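Below is one structure, written out as structure tokens; comments come after it.
Naming convention: chains lettered A, B, ... in sequence-line order (proteins, then strands); numbering from 1 in each chain. Everything numeric here is computed off the predicted structure, so don't read it as measured data. Heavy atoms only: backbone and side chains are in, while hydrogens, waters and symmetry mates are out.
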Amino acid sequence: MATLNILYAGFGGQGILFSGRFLAYEGLLLGKQVSWLPSYGPEMRGGTANCSVILSDDPIGSPIVDKPDILVAMNLPSLDKYEDAVVSGGKIFVDSSLIERKVKRTDVDVYYVPATKIASEHDMPTLANMVITGKLLKEVSGLGIDNLDEVLGKIVSARRQNLVEYNKKAINVGYTFQ
Amino acid sequence: MATLNILYAGFGGQGILFSGRFLAYEGLLLGKQVSWLPSYGPEMRGGTANCSVILSDDPIGSPIVDKPDILVAMNLPSLDKYEDAVVSGGKIFVDSSLIERKVKRTDVDVYYVPATKIASEHDMPTLANMVITGKLLKEVSGLGIDNLDEVLGKIVSARRQNLVEYNKKAINVGYTFQ
Amino acid sequence: MAKVTFKTDICKGCALCVDACPKNIIELSKTELNVKGHHPAVCIDMDACIGCAACATMCPDCVITVER
Amino acid sequence: MAKVTFKTDICKGCALCVDACPKNIIELSKTELNVKGHHPAVCIDMDACIGCAACATMCPDCVITVER
Amino acid sequence: MGEKVLMKGNEAIAEAAIRAGCMHYFGYPITPQTEVAAYMSKRMPKVGGVFLQAESEIAAINMVIGVAATGKRVMTSSSSPGISLKGEGISYLAGCDLPAVVVNVQRGGPGLGGIQPSQADYWQTTRGGGHGDYHNIVLAPASVQEMASLTVRGFDLADKYRMVVMILADGTMGQMMEPVEIDNIEPLKVEKPWALTGTGMKRKPNIVNSLYLKPNELEKTNFDRYKKYTKIAETEALAEEYLMEDAEICVTAFGITSRVAKNAIKEARAQGIKVGMIRPITLWPFPKSTYMKHADQCKAFISVEMNMGQMIEDVQLAIECKKPVTLCNRTGGMIPKPEEILAKIKEVGGVK
Amino acid sequence: MGEKVLMKGNEAIAEAAIRAGCMHYFGYPITPQTEVAAYMSKRMPKVGGVFLQAESEIAAINMVIGVAATGKRVMTSSSSPGISLKGEGISYLAGCDLPAVVVNVQRGGPGLGGIQPSQADYWQTTRGGGHGDYHNIVLAPASVQEMASLTVRGFDLADKYRMVVMILADGTMGQMMEPVEIDNIEPLKVEKPWALTGTGMKRKPNIVNSLYLKPNELEKTNFDRYKKYTKIAETEALAEEYLMEDAEICVTAFGITSRVAKNAIKEARAQGIKVGMIRPITLWPFPKSTYMKHADQCKAFISVEMNMGQMIEDVQLAIECKKPVTLCNRTGGMIPKPEEILAKIKEVGGVK
Amino acid sequence: MAVVFSKPHSLTDKSLHYCPGCTHGIIHRLVAEVIDELEIEGDTIGVASVGCSVMAYDYFNVDFVQAAHGRAPAVATGVKRSDPSKIVFTYQGDGDLAAIGTAETVHAAARRENITIIFINNAIYGMTGGQMAPTTLPGMVTQTSPYGRDVEAVGFPIKICELLSNIEGATYLERVTVNNVANVKKAKRAIKKAFQNQVEGKGFSLIEVVSTCPTNWGLSPQKSLEFIETDMLPAYPLGVYKDITGEEK
Amino acid sequence: MAVVFSKPHSLTDKSLHYCPGCTHGIIHRLVAEVIDELEIEGDTIGVASVGCSVMAYDYFNVDFVQAAHGRAPAVATGVKRSDPSKIVFTYQGDGDLAAIGTAETVHAAARRENITIIFINNAIYGMTGGQMAPTTLPGMVTQTSPYGRDVEAVGFPIKICELLSNIEGATYLERVTVNNVANVKKAKRAIKKAFQNQVEGKGFSLIEVVSTCPTNWGLSPQKSLEFIETDMLPAYPLGVYKDITGEEK
Ligand SMILES: Cc1ncc(C[n+]2csc(CCOP(=O)(O)OP(=O)(O)O)c2C)c(N)n1
Ligand SMILES: Cc1ncc(C[n+]2csc(CCOP(=O)(O)OP(=O)(O)O)c2C)c(N)n1
Ligand code: SF4
Ligand code: SF4
Ligand code: SF4
Ligand code: SF4
Ligand code: SF4
Ligand code: SF4
Ligand SMILES: [Mg+2]
Ligand SMILES: [Mg+2]
């Protein structure tokens, strides 16, 4: 992993930015250079949201991920929009509970995770983002779930530390999803 | 008269700007190029006022008169300030009822006119400026009192045409003052 | 006899109409999801509708047409 | 016994003190002209002064000092 | 009129605007341009126009936006600090592609500064002032006659290109009187199908707007606007050349300084120095080609400015730094004297 | 801190300001810089500082003037339209020689424009914006770490030179997160005998003022201030050079575009093209000598900007037009892609 | 069966970008209904302000200009003075009108400018993500009053109808709300009168509509309507604050 | 014999640049007398505005900052927030405070900013040569209302004390004048109270002083004082418009 360009994309409200921050902190703890860039807009509620995360061994140039090594698509418009941008040999993670179609590209690895469904089933309906992130941690070499506590401790605000456990659970469920 | 650089200087309220406009219109009627530039400032009442007037056969460059051919000094500070600036061979008109001292320069023509006193005596105390202007019209070649009506008609506002006669009188008194 | 029609596509599932209906005959669809990703309002008992237009009056999105 | 003193140099000859004096003992000098070109206020009958400071109260320029 | 009358520069602007069909003026008092408003307040009621003293410069420029949006000719005027306050509004006019004339009779700055003449808003006027990518057409009169004629031209250009035209004058230009002839003007007639006149239920609504939430759309409007700017730069640049045929030294100055410079140049010529002047009349577009034309012929340029050296950069860029450009300046309300310019001409020319 | 934490650029500015001893912040909400105020509103009460949301950008900058006049460190932040509104106030700060830090997290313009990142206020920031002769020191961070460190530096420079320091960022810089380390800062201690602290009946009154009715006095303050500016230009210009040792083509860009350009340059180097970059960190003073140093070595310059071409003029002036400078730009909130820059490098380099 | 309620003609077919349940939508519709009923659609020119309603120009079937933040009354003044036969209205939020636009509001009222202002008081800056507005209630938590609005430190809410009622030029000032059917109907009557005044040349009318911001209040749309009743109306009592339309003019 | 009246210590020896008989001078003196009497000279910081009184910094023996036109209350807010132990006052004309500075005035009041504002209402823009002010009387001829202020076209006078009296944050508002000895004394009492309030941390006090502009009114100084009585006071009645200093705080 010299540089890992990750793009999360979905609806606002799906926790896209939070997952991105999670990965960025994960990278930080792994001693990487990291950057995190949200799309921001007036439609802060609803509408689309996406988030560029870069983890790298070298100083990071542009923080914008145009050509993701890894795409996490949490709704159909996002998959439609970014599928072609993924680099050859890259990975696409699809929330298959929200996206019915299959990925057309054949030169990438695709992981279908019914994250929203899984999250609902586990009674944490808002954590589909972390479920799919769990899967990502599993499949992307160099990442992992060794320091969940530390990372989550940083990004979950002090007043909500009770959420740490939920997030851990969601990640673990995703990590172990086959 | 290729170019005539005239500087009027005195207190605010002495009609300095009006006299300047009179001369400028006079020039205009004589077919000259003319410019008129007041000093302007926040002390619109009281304080000093001066006014640059240029009459010329050629297009006028700077409208600022630094080196007057003609200086009309209506108070002592003005004479003190501008006496030395007058070009050699120029003319200085002094309101001798307000300025007690004599002009020191010897290379200029000096005309002492007790304009304020004369004006008071003729019951038009605010027209000292036009009295001294009358003298100026007499002494400066190329100028004159032939078209007083026309000039005054232009610069006296429509509602105050009755003042035309007063002004004419003042000018004439000055013109004939020995 | 009265009738309410919903432009379901533009409904945002805010439920203001639900609360407004004196007959309590509007609900957010639990199953349906519209293109905007909202559960749209539906009338569950059109026969009970009195055409009072309370629902439409409170709808911020002009989703509802009322006939009477 | 009272006394008014004028800082004649800074008087602007506005005459507000003239009007204010209940004893009518202030006038603008008809002859004098100060450095600013104004006819300054003067007290024409100091003996009549009651030191009420009405003049000074109305003077915008702090020209007047009153003693009593 | 036909006949020449003596007018203050500020009054000439006001009268010319009315003659050009400007029936709406909004302003806020500030020295040294108060005569514009004073004149308007007298004349507008007589000609059926609108004079309104706004509660601030900001309100004034936004009232201008309102009238401009309806397709009518409209003007505001102010002086330096007041123009700063109009920065946002001017940027909006640009972003909405609205025509309007804005007059700046400059005074010394920064801050409250002074009320004597200045040219220190050159940058502000030619390089934004407001935020974002845009230009105003900037006209710099050097006589009361030009105060009038460039105002008229300003309204035509504003309508033609749907943009702001700024008249950049200074306290001297505003206060001085010269004879001026304001012809019976035929204002350029420009169709304004975009104007807000009510749909009359006969057409789709017109919208005057500068908001584009999609950046590609905002970019497109900017690109399109710059195509227009390029065209203007090619066709509308104006300069006066004075004794430039054989000039070895080129003085350059606009507005009042160009007049002072003329005195100096006459004197220098009398002393046998080959010096001429380029006077830009449009400050944007800057008349680059006029400079370039003389870049080889002249050995040096002197930029005479009443500021700390702002136009000088445009001169350097115009001649692609081919020759040295020297600054001859006064600032803060001081006006250079002909002698100072003459001395600089001699210095640059290597004359003792 | 010592430890690296992930922060948004906007938050880094706020935290750095507090660490630098800025206990007064005044602002007005505007995207994309709202996080500065949000952060301040949370933190200031905890550290005994003052956060006040003003009724407008104009009120905010004038509150800044009030605090600055008392000699304390103070900051405001906004984005493009809001900065336009601060133009008069910034000019006052300059005219009063008051230190303050003003942050502009730029968005697309002109007018209301958009809320996506932009660099189109380059001119406004480096060439006035407000009226009159003056400069701000302009710092252009290109990382979240620099958002913090240049803010700290900004306060020091502001105090040292008694002037406004502007942090010129853009929406991307404000919104992105990167690890940042904000050291325990020792703010520069500057005596401020001019500050308004009440005379205590022990000294003559201090007066903070920009009004000089006598033009010669106003001129003198301007001349004196420009002496200071000259000194700053000589000593405080900053630039980063990237792969410039052997570069034949010099890309130049600041802020976010410099980061995109780095990607392109890496790729170009991989393809054997000798290209490097000069990244100005101070936009005023513009690091001219850094450019000049490479003017002979390089055959061409490329100015990458998120506007219609504003810095390009400073580049041309810096290298005295010795080499062609080409513009590579996007605007209105669009960010150039590395490929576009690479293509331009190849085009300029004559590489197919 | 006849249609007794449908989208007014003066609204376009664009779907509104407002958050679910945001009452901006109701107020838009009321304004459009009034324009329909007064048959002034072809003569009306709207002035959009900067706030969540910035794109109002997309929703009304009338000519529109988008004004800078706070300056809508000045822009409207320009529009109206250009052609007094047009019906000119502004649609402004509380940040826009009561903070940055205070001077423009007060002076348009003082001039008795013959325009209609629809003023949306939702006690917050909606569009920028929920900062404190001049109208934010004491103690209310917002992005920039994270510990609740502390009136000692940042001041008291500004009550626009009360403030303007002391301005001689103001013609008609009423505060309404839209939190239930009855209030929506009253709001419409007020808005109608405000437009009617303009048609009749009576001068400056401003209708303050107490509105919601479910998103930034952090409440559901329904709870937001309740919040109006329980918290907003006690601070912002409904009613007519000034009405000189009955008087001789 | 003892001196019973002389220049207060807080005034410098500079002679005032005001026109003969202009009551700006009287009001300066009153402010200085109050500063003397409250013994706050060493702790006071003044904020000068843009108007004839722009150079107030030359006349008071206290630290001073000169504010941009209309922005004195904002500048004063900065000064006061920087050091609440200082006594901060602004001195502003009616163009400054009631036109361009409307928003800053209203919001400083709403914040109950603990400052003192001395507001000089002379119904005109003095410094710029006599243009119409927001406070210009109906029918009054000025440079920009050459045919007399036409309220139909340009609006009604703004009455600041009345306007601000509806602002919850405002602590103390009084209108006074200086057209005779008795009124000068009353004016001084009001000014003193306004400063005293600040010393006691009571918040926002504004004293509106109905003043003259002989020069631009085209009247002699004496006639100007009469004009206050005959024309100004009927439009601007004297009195306390708000005073909550007695209330619990
Ligand atoms: C000059 C300027 N300042 C700030 C902004 C940013 N801004 C956009 S909307 C807004 C607040 C809007 O709040 P409000 O007027 O209450 O409307 P709402 O969104 O609540 O309907 C602000 C401050 C801007 N666009 N322009
Ligand atoms: C931004 C700005 N606008 C306008 C001016 C010009 N100006 C100077 S004083 C003044 C009016 C002052 O009138 P007022 O506040 O009533 O004070 P007065 O002179 O009557 O005491 C104006 C408009 C300025 N200096 N700055
Ligand atoms: S019209 Fe009345 S009864 Fe019918 S659905 Fe709507 S609210 Fe209910
Ligand atoms: S009120 Fe309108 S938008 Fe809301 S749920 Fe009902 S129909 Fe849908
Ligand atoms: S103190 Fe009283 S009596 Fe004496 S001069 Fe003054 S006003 Fe007159
Ligand atoms: S009031 Fe003062 S300034 Fe006026 S005349 Fe009397 S002493 Fe002189
Ligand atoms: S942010 Fe608030 S005011 Fe804006 S649309 Fe959403 S709910 Fe409505
Ligand atoms: S112009 Fe008027 S307000 Fe100004 S000093 Fe003169 S009289 Fe006083
Ligand atoms: Mg709001
Ligand atoms: Mg006044």
Check your understanding: Where is the tightest heavy-atom contact between H/H69 and F/Y92, given as atom of each residue plus distance?
Key -> N-OH, 4.2 Å
Check your understanding: CE of F/M63 to NZ of H/K80: how many Å apart, nearest 0.5 Å?
Key -> 15.0 Å
Review point. Where on H/A67 is there a heavy atom nearer than 4.5 Å to chain F: the side chain, the backbone, both, or neither?
Key: backbone
Revision key, fill the gap. Answer key: most heavy-atom pairs under 4.5 Å with chain F among H/V65, H/V50, H/I40 is H/V65
Review point. How close do F/P205 and H/N61 get, heavy atom to heavy atom, and via which atoms?
Key: CG-C, 3.4 Å
Exercise for review: Pick one of side chain, backbone, both or neither for F/A54, based on which atoms fall under 4.5 Å of a heavy atom in chain H.
Suggested key: neither
**Study point:** Segment of H/V106 engaging chain F (4.5 angstrom heavy-atom cut-off)
**Key:** neither
Exercise for review: Just do the side-chain contact (heavy atoms from CB on, under 4.5 Å) check on H/Q66 and F/V208 with the steps written out, would you?
Suggested key: CA-CA 6 Å; H/Q66 200 295 311; F/V208 170; over 6 Å; no
Practice item. Please indicate whether F/K228 has more than 12 foreign heavy atoms, meaning atoms of other residues, nucleotides or ligands, lying under 6.0 Å from its NZ. Key: yes
Review point. Heavy-atom distance under 4.5 Å between the side chains of H/D83 and F/T197, does that happen here?
Key: no
Check your understanding: When heavy-atom pairs shorter than 4.5 Å are enumerated against chain H, which of F/V67, F/T70, F/N206, F/L211 gives the highest number?
Key -> F/N206
Point to revise | Option that, when pairs with chain H are counted at under 4.5 Å, heavy atom only, ranks first among F/K72, F/E88, F/E55, F/M23 | key: F/E55
Review point. Looking at F/N209 and H/Y57, what are the two nearest heavy atoms and their distance?
Key: ND2-OH, 3.1 Å
Review point. Heavy-atom count around F/K220 NZ within 6.0 Å, excluding the residue itself: above 12?
Key: no
Practice item. Tabulate, in ascending numerical order, the residues of residues 70-78 of chain H having at least one heavy atom closer than 4.5 Å to a heavy atom of chain F, or enter 'none'. Key: H/R71, H/A74, H/V75, H/T77, H/G78
Practice item. Assess whether side-chain contact (heavy atoms from CB on, under 4.5 Å) is satisfied between F/L213 and H/M55, documenting all intermediate values. Key: CA-CA 10 Å; F/L213 282 172; H/M55 290 181 297; 4.0 Å; yes
Point to revise | F/K204 NZ to H/T12 OG1 distance, which is reported to the nearest 0.5 Å | key: 11.0 Å
Point to revise | H/D63 side-chain N/O to F/G198 backbone N/O, donor-acceptor pair under 3.5 Å | key: yes
Review point. Is the CD atom of F/E217 crowded by more than 12 outside heavy atoms at less than 6.0 Å?
Key: yes
Study note, to complete from the structure: From the list H/V62, H/D43, H/D58, the residue making the most non-hydrogen contacts under 4.5 Å with chain F is H/V62
Review point. How about residues 149-167 of chain F versus chain H: which residues have heavy atoms under 4.5 Å apart?
Key: none
Study note, to complete from the structure: Closest non-hydrogen atoms of F/S56 and H/E104, given as atom of the first, atom of the second and distance, are OG-OE2, 4.4 Å
Exercise for review: Check H/R81 against F/H24 and note the closest heavy-atom contact, atom names and distance.
Suggested key: O-NE2, 3.1 Å
**Study point:** Criterion side-chain contact (heavy atoms from CB on, under 4.5 Å) on F/L52 and H/R111, from CA distance to verdict
**Key:** CA-CA 10 Å; F/L52 188 62; H/R111 282 194 303 270; 4.0 Å; yes
